There are 2 protein chains.
Amino acid sequence: MDEITKLTKKLQREIALNRDFVSQEEVVLLSFVHTWQQLEWLGKRFFPRFGLSDAQFNVLMILWDYRETGMRQHELASILMVNRASIGGVIDRMEKQQWVRRQRDPVDRRSNYVHITPAGIALLEKVRPVYYALFPDAFAHLNSNQQQDLLKLLERFRQGILPINKRLKEGNHEPS
Amino acid sequence: MDEITKLTKKLQREIALNRDFVSQEEVVLLSFVHTWQQLEWLGKRFFPRFGLSDAQFNVLMILWDYRETGMRQHELASILMVNRASIGGVIDRMEKQQWVRRQRDPVDRRSNYVHITPAGIALLEKVRPVYYALFPDAFAHLNSNQQQDLLKLLERFRQGILPINKRLKEGNHEPS
DNA sequence: CATTTATAATACACTTGTATATTATATTTT
DNA sequence: AAAATATAATATACAAGTGTATTATAAATG
């Protein structure tokens, strides 16, 4: 039995699939989703140990990145690929904790600039090293070349998904 | 400039990263997360066109897979890697639509067996072919060998994440 | 056999996501 | 300049995820 067959059967067991895969493409897709679920599980349990959610950690990372200028809410939403309404609530709760602050843009008064605060920076600087310390274990079974291969293949996968998403986006507009 | 450098810079632009990556591992991780976000975006907009959510589609797929026997709620939660409480609400809403039905297990009266109904099967048989029809486009840039490479690399990635998750799980139990 | 412990489902409060409507402000068009 | 259109943030209702507590039942133990 070759390696791919073994991997396929292993995945089949792990996701309790009670049938054959319909194609190799489905194997890859379900393997990708299964891998994401493992990673998501990690994030959902890791960050709350520091009193924040995974979504809040991501916001802190981005706002630290843009600590000189701050960032508008809709830009945050766009980067995180979430709805604009959703980021509002996250910022609300983080503002209550005083990890971020909102500041009206004087040039475009519709916009808020969101800034990370000293308290936010302090929290991030506590969490971030522990977060980065997970990386060696997470990538223990992938050497540098394999990491680069994975990078290339993920990029190719995205290139396939992108046009589908474009079609779905356009399809949202009914003909007028 | 070599291919990896190009891919790295492209990713940096796509996720609006305003700094250098701290390591190749971080590049791979953020590429993986970014790819997931694209795929999630797809699912969040595709399935509602058929009147269901992506979570509900996954439940229908699993229950069809186990249509002979049905499946207990906690098994569903385990396969989908979500909290048991969470699957209850999903089943509630699907039961209202009469896509699934609950049946008390006479042997273990704590358990519900959840079954897909004829209406659920009818819905799934409408959605599934359209869903599978996305695959050729999604994998258009990955030939069979590349798909197999991706499969192997994802498996290796999971092998790194698994022990971290085990540690996090054990860490939940305070010493008594 | 009675009691303790474990498990399945559910209820509750909360966070984060969705879509859509509203309000304030900018921008474009006439 | 005035009117129409677009955009940023927010409000609302809902779906689905989290953890924790409760209840019913099963399994293990004294």
Side-chain angles (χ1 to χ4, degrees), chain A residues 36-37 40-49 51-59 70-78 80-97 99-100 102-114 168-169 171-174 176, chain B residues 36-37 40-49 51-59 70-78 80-97 99-100 102-114 168-169 171-174 176:
Chain A
W36 166 254
Q37 288 174 327
E40 188 184 32
W41 198 95
L42 195 167
K44 285 260 188 292
R45 271 139 205 94
F46 176 76
F47 295 111
R49 306 187 163 213
L52 39 58
S53 68
D54 50 349
Q56 292 171 350
F57 176 76
N58 287 331
V59 169
M71 178 170 269
R72 295 193 192 89
Q73 283 188 205
H74 73 274
E75 291 173 313
L76 261 174
S78 159
L80 294 168
M81 291 194 69
V82 299
N83 197 292
R84 289 172 182 187
S86 167
I87 212 68
V90 178
I91 297 297
D92 279 350
R93 285 177 287 273
M94 295 181 76
E95 205 174 21
K96 268 183 203 139
Q97 303 283 341
W99 296 332
V100 305
R102 281 178 166 98
Q103 189 175 4
R104 212 86 209 170
D105 179 359
V107 177
D108 184 342
R109 294 180 39 73
R110 293 170 305 179
S111 283
N112 286 331
Y113 267 97
V114 188
L168 287 176
K169 196 174 280 184
N172 275 337
H173 308 295
E174 309 297 332
S176 55
Chain B
W36 166 255
Q37 288 174 327
E40 188 183 32
W41 198 95
L42 195 167
K44 284 262 189 290
R45 271 138 205 93
F46 176 76
F47 295 111
R49 306 187 164 213
L52 38 58
S53 68
D54 50 349
Q56 292 171 352
F57 176 76
N58 288 331
V59 169
M71 179 171 268
R72 295 193 193 88
Q73 282 187 208
H74 73 274
E75 292 174 313
L76 261 174
S78 159
L80 294 169
M81 291 194 69
V82 299
N83 197 293
R84 289 173 184 188
S86 166
I87 212 68
V90 178
I91 297 298
D92 278 350
R93 285 177 287 273
M94 295 181 76
E95 205 174 21
K96 268 183 202 134
Q97 303 283 341
W99 296 333
V100 304
R102 282 179 166 98
Q103 188 175 5
R104 212 85 208 170
D105 179 359
V107 177
D108 183 343
R109 294 179 39 73
R110 293 169 306 181
S111 284
N112 287 331
Y113 267 97
V114 188
L168 287 177
K169 196 174 280 183
N172 275 337
H173 307 297
E174 308 297 332
S176 57

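Everything numeric here is computed off the predicted structure, so don't read it as measured data. Labels below follow one simple rule: chain letters A, B, ... track the order of the sequence lines, proteins then strands, and each chain is numbered from 1.
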Starting at [atom1] of [X] and ending at [atom2] of [N], how long is that distance when rounded to a whole Å?
X: A:Leu80; N: C:dT15; atom1: CG; atom2: P; answer: 18 Å
X: A:Glu95; N: D:dA9; atom1: CD; atom2: P; answer: 13 Å
X: B:Arg93; N: D:dA16; atom1: CZ; atom2: C1'; answer: 6 Å
X: A:Met81; N: C:dA19; atom1: CE; atom2: C1'; answer: 17 Å
X: A:Trp99; N: C:dT15; atom1: CH2; atom2: C1'; answer: 12 Å
X: B:Glu40; N: C:dG17; atom1: CD; atom2: C1'; answer: 8 Å
X: A:Leu52; N: C:dC14; atom1: CG; atom2: P; answer: 19 Å
X: A:Asp105; N: C:dT27; atom1: CG; atom2: C1'; answer: 15 Å

Do you know which of A:Val90, A:Asp92, A:Ile91 makes side chain to side chain contact (heavy atoms under 4.5 Å, CB included) with A:Val100?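 For A:Val100, the side chain to side chain contact (heavy atoms under 4.5 Å, CB included) test succeeds with only one of A:Val90, A:Asp92, A:Ile91, which is A:Ile91.
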Are B:Met81 and A:Trp36 close enough, and set up right, to give a side-chain contact (heavy atoms from CB on, under 4.5 Å), and what steps lead you there? CA-CA 11 Å; B:Met81 291 194 69; A:Trp36 166 254; over 6 Å; no
Which atom pair, heavy atoms only, marks the closest approach of B:Ser111 to B:His74?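 In this case the closest contact between B:Ser111 and B:His74 is OG-CE1, 4.4 Å.
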Tell me the closest heavy-atom pair linking A:Gly43 and A:Pro48, and the distance in Å.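 Taking A:Gly43 first and A:Pro48 second, the nearest heavy atoms are O-CD, 3.8 Å.
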Testing the 3.5 Å rule here: is there a donor-acceptor pair between the side chains of A:Tyr113 and A:Arg72?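 Indeed, the side chains of A:Tyr113 and A:Arg72 share at least one donor-acceptor pair under 3.5 Å.
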Contact state string [nucleotides 2-13 of chain C, B base, S sugar-phosphate only, - no protein heavy atom under 4.0 Å]: ----BBBSBB--
Where the side chain of B:Val82 is concerned, which of D:dG17, C:dT16, C:dT25 is the nearest nucleotide?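 Nearest to the side chain of B:Val82 among the choices is D:dG17.
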For the side chain of A:Arg45, starting at C-beta, report the closest nucleotide among C:dG17, C:dT25, D:dG19.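 Closest nucleotide to the A:Arg45 side chain: D:dG19.
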Starting from the first five and the last five pairs of the helix from C:dC1-D:dG30 to C:dT30-D:dA1, work out the angle between the resulting helix axes, to 10 degrees.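 Between the axes fitted at each end of the helix from C:dC1-D:dG30 to C:dT30-D:dA1 lies an angle of 10°.
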Evaluation steps, side-chain contact (heavy atoms from CB on, under 4.5 Å), between A:Val114 and A:Glu95: CA-CA 10 Å; A:Val114 188; A:Glu95 205 174 21; over 6 Å; no
A:Ser53 near the nucleic acid: base, sugar-phosphate alone, or nothing, with a heavy-atom cut-off under 4.0 Å?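 If one applies the 4.0 Å heavy-atom cut-off, A:Ser53 turns out to touch the sugar-phosphate alone, with no base involved.
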Which part of the nucleic acid, if any, lies within contact of B:Val107, taking any heavy atom under 4.0 Å across all strands shown: a base, the sugar-phosphate backbone alone, or nothing?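 Touches sugar-phosphate only.
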Near B:Arg104 CZ, under 6.0 Å, is it more than 12 heavy atoms from other residues, nucleotides or ligands?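 Yes, enclosed.
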Can a donor-acceptor pair be found, under 3.5 Å and without considering hydrogens, that links the side chain of A:Asn83 to the backbone of A:Ala85?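 Yes, the answer is positive, given that a donor and an acceptor are paired below the 3.5 Å cut-off.
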Inter-residue atom distance B:Asn112.CG - B:Gln73.CD, 0.5 Å rounding: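 So the CG of B:Asn112 and the CD of B:Gln73 are separated by 4.5 Å.
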